[in-house]
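For reference, the structure discussed in these notes is given below.
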There are 2 protein chains.
Amino acid sequence: MLIFVNIVDNIDFQSTLMDQITQAPVTSTDKTFLRLRSDIVEGIILSGSKLSEAELSNYYSVSRAVIRESINRLESCYLVERKPNVGAKVVSLSAQGLSELYQVRESLEGMAARLAAIHMSDDEVSDLNELLKTHFQTVKSGETYYQEAGDVDFHYRIILGSKNKQLISLLLNGIYHLVRMYRVQLGMAGPRVTTAFDEHKAIVQAISHRDSELAEILMRRHIQYTRKNLSQKLTTSV
Amino acid sequence: MLIFVNIVDNIDFQSTLMDQITQAPVTSTDKTFLRLRSDIVEGIILSGSKLSEAELSNYYSVSRAVIRESINRLESCYLVERKPNVGAKVVSLSAQGLSELYQVRESLEGMAARLAAIHMSDDEVSDLNELLKTHFQTVKSGETYYQEAGDVDFHYRIILGSKNKQLISLLLNGIYHLVRMYRVQLGMAGPRVTTAFDEHKAIVQAISHRDSELAEILMRRHIQYTRKNLSQKLTTSV
DNA sequence: CTAGCTGATTTTGTCGACAAAACAAGCTTT
DNA sequence: AAAGCTTGTTTTGTCGACAAAATCAGCTAG
């Protein structure tokens, strides 16, 4: 009993789960979504605050339809919560939430590291080593820049290196921006900078040696450390 | 530089990531989304076919806005793919996709089993044992009903038992319906029914003994078996 | 003084219309 | 005959208006 027989063309646009990541924003909704997401991650729109469709529509000078669709997308990457007939609010950061998020992250990124050790091309591995060198220069010169952008870039490449589209989408379209939100808003400066670099180095080595099991273990440990570091900031700051 | 100071009330509706799961559909969009999702998972709307907004709007007797929002939600649970200015189509099932999906599933549900062994209340564990008994009756009487509904229910409870909201949302709002789509459309009948029951039993035992590590191992293995079973059907049927 | 009702106001949900982009068919040109 | 332009059609993107639900304020009753 196939109702939609007529529209079954099995058309193939080369769309994959990764589209949103690789493609540039084209529509007005795309741009508004990116602006909103950035404003939320950076804390310009405060965690816990209500998102009024009318207000945002006015502020970004787009129609309410555009705002609604943007909010929907934000909901699917866990940055806002919506309730029918009531509205949306930015998620509230909490020790509990951080813990649960990092538990998931540890599992998924550990897996990504394991798969990356198997599936990354030799070229990609060299690029990764290059990136590490760059980071080393940055760390040596004492810039804090490394913390956010550099770290994100590092994890970003390994996730992509897993070559598992489902995993990539889950992380990069999904929880990764929430991770960033915690990191940015809790402030990622401190003594962990250099330590993290050594951990990164060890992970890259494991991947270079194609030692997938070690890569997973090291990545999991690395994320555990980061989590402890963040938890501490959260409890002392609140 | 806080632009939205005025709207920062930190209002708390007890909304969580789990809302969509526990709450009944209230709005027209909710209902349409559920109908569409069901039609896709069940294969009434064929995998790979294009979703025309106008056509669906007409078919379900709702406005295009409702259809659009439904399609967006379907995209965030990986059931449809969208391309700007072109449209949406139902995902195509493939051996590659199945493999990648189950790789992720193995990791996440393994984790869920481990956490469930730790966090489930004694009452919930008893309920789980009860469920198992019911399934045993069903299997003994030779009904195939067990396959889909029973199995889903089993995994469902363990996922909820993990008590990790992030994980629960990732699985139940996210990939789980895609998993179901593969299962339903590849047909879940066959000799694995009774075998799967034994595996379920072993998992429940591990959880009952609060042996989290064993629970994880058994769950991962269980999902690996299922995956092999499905892969076989996919390659032989295509 | 508190709890609960009532009506006004605000906010979200739904709709149809228009704008803009993609698609399709036929024509032209090489 | 094949590639590319042109025009007409279809489909998606965006908008403003109306409907329905929730919120708020003031009032009433206990």
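Proteins come first, then strands; the chains are lettered A, B, ... in the order of their sequence lines, and each starts at number 1.
- For the pair A:Glu55 and A:Lys50, the salt-bridge criterion is not met [side-chain N within less than 4.0 Å of a carboxylate O].
- With sequence neighbours left out, the side-chain contact (heavy atoms from CB on, under 4.5 Å) criterion links B:Gln96 to B:Ser94, B:Glu100.
- For A:Thr27, the side-chain contact (heavy atoms from CB on, under 4.5 Å) partners are A:Thr29, A:Asp30, B:Pro84, not counting sequence neighbours.
- The salt bridge (Lys or Arg N to Asp or Glu O under 4.0 Å) test applied to A:Glu124 returns A:Lys163, not counting sequence neighbours.
- Atom CG of B:Asn58 is separated from atom C1' of D:dT11 by 15 Å (rounded to the nearest Å).
- When the side-chain nitrogen and oxygen atoms of B:Lys31 are compared with OP1 and OP2 of C:dT14, none of them lie within a distance under 4.0 Å.
- There is no side-chain donor-acceptor pair under 3.5 Å between B:Ser47 and B:Ser92.
- The closest side-chain donor-acceptor pair between A:Asp39 and A:Tyr60 falls under 3.5 angstrom.
- Taking atom CG on A:Asp30 and atom P on D:dG13, their separation rounds to 9 Å, with Å as the unit.
- Taking the side-chain hydrogen bond (donor to acceptor under 3.5 Å, both in side chains) definition, one finds that B:Glu69 meets it with A:Arg68, A:Arg82, B:Arg73, sequence neighbours left out.
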What does the list of N/O pairs under 3.5 Å between the protein and nucleotides 20-23 of chain C look like, with a distance for each?
none

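- Nearest to the side chain of A:Val66, among C:dC15, D:dC15, C:dG13, sits D:dC15.
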Name the pairs: protein N/O against N/O of nucleotides 16-19 of chain C, kept only if under 3.5 Å.
none

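- Put simply, CD on A:Glu53 is 6 Å from P on C:dG13, counting in whole angstrom units.
- For C:dT12, neither phosphate oxygen OP1 nor OP2 lies less than 4.0 angstrom from any side-chain nitrogen or oxygen of B:Thr27.
- Dashed line: the shortest gap from a side-chain N or O of A:Arg68 to OP1 or OP2 of C:dT12 is not under 4.0 Å.
- For D:dG13, the OP1/OP2 oxygens have no side-chain nitrogen or oxygen of A:Thr29 closer than 4.0 Å.
- Atom NZ of A:Lys83 and atom P of C:dT11 are 17 Å apart (whole Å).
- Between B:Glu55 atom CD and D:dT10 atom P the separation is 14 Å, expressed in whole Å.
- Shown here are the salt bridge (Lys or Arg N to Asp or Glu O under 4.0 Å) partners of B:Asp123, two or more places apart in sequence or in another chain: there are none.
- Qualifying side-chain contact (heavy atoms from CB on, under 4.5 Å) partners for B:Gln224, counting only residues two or more places apart in sequence or in other chains: B:Glu106.
- One atom, CD1 of A:Ile67, and another, C1' of C:dT14, lie 18 Å apart when rounded to the nearest Å.
- Taking atom CD on B:Glu75 and atom C1' on D:dT12, their separation rounds to 14 Å, with Å as the unit.
- Partners of B:Leu34 according to the side-chain contact (heavy atoms from CB on, under 4.5 Å) rule, which considers only residues two or more places apart in sequence or in another chain, are B:Pro25, B:Arg37.
- Within the helix from C:dC1-D:dG30 to C:dT30-D:dA1, the inter-axis angle between the opening and closing five-pair segments is 20°, rounded to 10°.
- Separating the CD atom of B:Glu69 from the P atom of D:dG13 is a distance of 14 Å, rounded to the nearest angstrom.
- Under the salt bridge (Lys or Arg N to Asp or Glu O under 4.0 Å) criterion, B:Arg64 pairs with B:Glu53, sequence neighbours left out.
- B:Ser99 pairs by the side-chain hydrogen bond (donor to acceptor under 3.5 Å, both in side chains) definition with B:Arg227, not counting sequence neighbours.
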